[in-house]
Every structure is written in structure tokens, then in C-alpha cells.
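The structure's right below; bear with me while I get my questions together.
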Amino acid sequence: MISRRVINRDLVRNLRASLGRNASNPTTTMLASQSRSFAYASVNHAEEYKQAIEGRHGQQLQLAYEEGEKYENEIFDPFQAYKIEDDESQDEALRETDIEGDEDDDDVEYQDEDDDEDDEDTIPTKSMYKKDGSIRRTKAELVSLNAGAPAGGKFAVINLYGSQHKVTVDDVVILNKLRPVETWAVGTTHTLTADDEQLLLMGSQDQTLVGMPFVNGGEVDVMVEEITRDKKVIVFKKKRRKNYRKKNGHKREVTFLRVLDIRFPAIA
């Protein structure tokens with residue numbers, strides 16, 4: 001178990017490296033707001049991340065990306081070399097049918113261009129999310145992630161009604177039904193900030209902002225995607241030799257939140 005003193009020493013060492021040797025007694029980089037006493041400590045680890053990428057860790061990531069690149073190429077067909085080309089007689093027959101088809105097309109009345117535009121609008125588009133709420137990824141991306149490639153991007157730790165969640169963009173957060181329903185209606189968007197005591201920590205590959213206790217100036221945009229009921233939980237009670245059995249089911253009401261964007265403070 002790592003002691004608290006060791007953790008504080010590592011934090012001070014990283015802060016001294018980020019601030020420089022000329023800094024006088026650097027303990028934390030404090031950025032306080034004028035309205036409320038919210039501040040955060042900023043730890044810059046971009047140089048350490050760059051060294052890790054250039055070293056052994058970067059080599060492992062390169063292997064993970066190469067593993068996914070195998071699926072981006074065309075699918076190998078083992079019977080390609082054994083396919084028989086069409087004879088000249090079949091080519092001539094195809095040409096004759098094309099000529100007859102062109103003559104028949106001259107007698108056909110064409111529809112208006114407006115009708116074609118309406119048909120194009122009715123073509124269903126594939127959603128970027130699956131039925132379970134997860135984002136759709138290609139086969140190459142899934143193989144790379146399974147091999148150890150990082151998802152990348154920014155992340156944040158938010159506090160919503162007593163529960164903390166580490167989220168990134170496009171994540172889905174499942175919470176107990178948020179009230180009032182008029183405020184948290186389906187389709188509404190909300191911005192989580194330090195003023196509402198909802199933003200605890202933010203981070204990326206280059207830096208980490210630790211709230212003390214909240215990160216002032218940071219924002220996380222979420223959208224209410226669905227309000228539904230969770231999976232049934234069976235509650236079974238029994239007393240032996242008393243002829244007592246009771247079975248009930250319970251479905252809690254939940255709210256699905258989709259993370260849209262994560263924005264760092266302007267000063268960070």
C-alpha cells in the first residue's frame with residue numbers, strides 16, 4: 001500500500017518539473033475563482049507521455065495499431081485464381097440483351113426529378129450508435145483496442161446526485177431517475193460545472209486537473225437520451241417450516257445521459 005506522504009512527494013516533484021527550478025516553494029498551481037473558493041491543481045505530464053511513446057510503451061501501441069490494420073485491407077479470396085472467365089459467346093449474348101434493353105427503355109416514361117429527390121430522403125441512414133448505446137466501431141478499431149491501443153481523448157469525473165462517474169465523449173451514464181422530469185426531459189441538454197458541485201477532475205494525455213474540491217471553469221455537456229425502467233430484480237423471502245414464501249419483482253426508473261463534449265478551463 002502506498003502511503004499518503006509518498007503520493008504527496010510525487011505530486012510536488014511533478015509540479016516542480018512543470019513550473020521550473022526558479023519557482024519559489026511550489027506546492028500546487030492554484031487557480032481560484034473570485035465568486036467562490038473553488039480551485040484546482042494542474043499537473044502537466046506531456047513530457048513524460050512523450051518519453052513513454054518513444055520508448056517501449058510506444059512500440060507496444062504500434063503493434064496494436066498494426067494488428068488492426070490487417071482488417072482494413074481487402075478480404076482475401078482463395079478462389080480468385082480459379083475463377084473461369086466468361087466465353088465470347090456469353091459476352092455477345094449480354095451485348096444483345098443490353099441493346100434490347102435500351103430499345104425498351106425508350107418507351108418507358110421517366111418520373112419527375114422531384115419524385116427521385118423524395119426517394120433519396122426516405123433512404124434510411126445507419127446510426128452511429130448501437131442498440132445498447134455504445135458507439136459503432138470498425139473491425140480494425142475493435143481489434144486495435146483489444147490489443148491494447150488507448151481510446152484517447154479527454155475524460156472527466158463527474159458527481160451527479162451522490163454518484164461519481166468517469167466519462168469520456170459518447171459515453172452513456174445510467175442514473176436513478178432525475179427529477180424534476182420537466183428539467184431532465186428527454187432531448188434536453190445540460191452543462192455540468194463546478195458551480196453546481198458536479199465536476200471533480202478532468203484529464204487528457206498532456207495534463208490532469210485535480211479539483212480542490214471542484215474544477216472551476218471546466219464544463220461537461222450531457223443530453224438526456226432516454227427515461228425508462230431497469231431490468232427486473234427478484235426479491236424472494238422465505239421462512240423454513242413456517243409455510244412462508246414471498247416473491248416480488250422490482251424495476252427502478254433510470255435516466256440515460258449521453259456525454260456530448262468535455263471542455264477544459266480557458267486558463268488551463
Side-chain angles (χ1 to χ4, degrees), residues 7 11 14-15 18 28-46 48-49 127-137 141-142 144-145 149-230 252-268:
I7 295 176
L11 178 61
N14 293 333
L15 290 173
S18 61
T28 53
T29 301
M30 304 290 291
L31 296 174
S33 63
Q34 298 179 358
S35 59
R36 304 185 68 177
S37 60
F38 290 159
Y40 58 86
S42 176
V43 181
N44 190 348
H45 44 74
E48 290 80 358
Y49 181 79
S127 175
M128 63 179 298
Y129 302 111
K130 297 181 180 179
K131 292 182 178 180
D132 58 355
S134 60
I135 189 170
R136 293 185 182 273
R137 298 184 184 274
E141 292 176 349
L142 293 175
S144 298
L145 293 174
K154 303 176 182 178
F155 70 91
V157 177
I158 59 177
N159 179 25
L160 284 173
Y161 295 93
S163 60
Q164 298 181 10
H165 304 271
K166 179 182 178 182
V167 298
T168 60
V169 179
D170 290 328
D171 278 359
V172 175
V173 183
I174 302 177
L175 301 168
N176 291 329
K177 188 175 181 179
L178 302 179
R179 303 179 186 277
V181 182
E182 293 78 9
T183 304
W184 297 91
V186 176
T188 58
T189 58
H190 305 268
T191 301
L192 308 182
T193 60
D195 296 335
D196 299 328
E197 301 182 356
Q198 296 173 333
L199 196 53
L200 304 179
L201 184 142
M202 303 182 74
S204 64
Q205 297 176 350
D206 298 332
Q207 63 178 345
T208 301
L209 306 181
V210 183
M212 304 176 65
F214 306 106
V215 181
N216 182 47
E219 295 180 347
V220 177
D221 293 340
V222 297
M223 181 185 68
V224 180
E225 195 168 78
E226 185 178 358
I227 298 177
T228 181
R229 302 180 72 181
D230 203 355
R252 65 164 183 162
E253 295 181 322
V254 294
T255 300
F256 288 14
L257 297 181
R258 173 78 64 177
V259 180
L260 301 178
D261 190 17
I262 297 176
R263 294 187 296 275
F264 275 55
I267 309 177

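All values derive from a computational prediction rather than experimental measurement.
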Nearest heavy atoms of S204 and H45, plus distance in Å: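 Result for this residue pair: O-CE1, 3.3 Å.
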Between L192 and V222, is any pair of side-chain heavy atoms under 4.5 Å apart?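 Yes, side chains in contact.
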Take I227 and K177 through the test side chain to side chain contact (heavy atoms under 4.5 Å, CB included) and record every step on the way to the result. CA-CA 7 Å; I227 298 177; K177 188 175 181 179; 4.0 Å; yes
Any V173 side-chain heavy atom under 4.5 Å of V167 side chain: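 V173 vs V167: side chains touch.
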Look only at the side chain of H165 and the backbone of L160, and say whether a donor-acceptor pair between them is shorter than 3.5 Å.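 Looks like no, no N/O pair under 3.5 Å.
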Minimum heavy-atom distance S42-Q207, with the two atoms named: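 Minimum heavy-atom separation between S42 and Q207: OG-OE1, 3.7 Å.
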Please find the pair of heavy atoms, one from L257 and one from L178, that lie closest to each other, and give the distance.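 Of all heavy-atom pairs spanning L257 and L178, the closest is CD1-CD1, 4.1 Å.
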Candidate pair Q198 and I158, rule side chain to side chain contact (heavy atoms under 4.5 Å, CB included), full reasoning: CA-CA 5 Å; Q198 296 173 333; I158 59 177; 5.5 Å; no
For K166, is there an ion pair with D171 - N to carboxylate O distance below 4.0 angstrom?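 Salt bridge absent between D171 and K166.
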Taking every non-hydrogen atom, the tightest pair across T191 and R263: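 T191 and R263 have their closest heavy atoms at CG2-NH2, 4.1 Å.
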Please report the shortest heavy-atom distance between P265 and G218, naming the atom on each side.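 P265 and G218 have their closest heavy atoms at CG-N, 3.7 Å.
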Where do V172 and E226 land on the side chain to side chain contact (heavy atoms under 4.5 Å, CB included) test, with the steps shown first? CA-CA 10 Å; V172 175; E226 185 178 358; over 6 Å; no
Could you give me the CA-CA distance, side-chain angles and deciding distance for M202 and Y40, then say whether side chain to side chain contact (heavy atoms under 4.5 Å, CB included) is met? CA-CA 10 Å; M202 303 182 74; Y40 58 86; over 6 Å; no
Distance from D170 atom CG to R258 atom CZ, nearest 0.5 Å?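 That separation rounds to 6.5 Å.
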Indicate the atoms forming the closest heavy-atom contact of L200 with V215, along with that distance.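 Taking L200 first and V215 second, the nearest heavy atoms are O-CG2, 3.6 Å.
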Contact check, side chains of D195 and F214, non-hydrogen atoms, under 4.5 Å: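 With C-beta onward as the side chain, the pair stays apart.
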Rounded to the nearest 0.5 Å, what separation is found between the CG atom of L260 and the NE2 atom of H190?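 L260 CG to H190 NE2: 10.5 Å, rounded to 0.5 Å.
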Can you tell me how far the OH atom of Y161 sits from the CG atom of N176, to the nearest 0.5 Å?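 Rounded to the nearest 0.5 Å, the OH-CG separation comes to 11.5 Å.
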L199 and side chain to side chain contact (heavy atoms under 4.5 Å, CB included): which partner among N216, T193, V220, L209?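 When N216, T193, V220, L209 are each tested with L199, the side chain to side chain contact (heavy atoms under 4.5 Å, CB included) holds only for V220.
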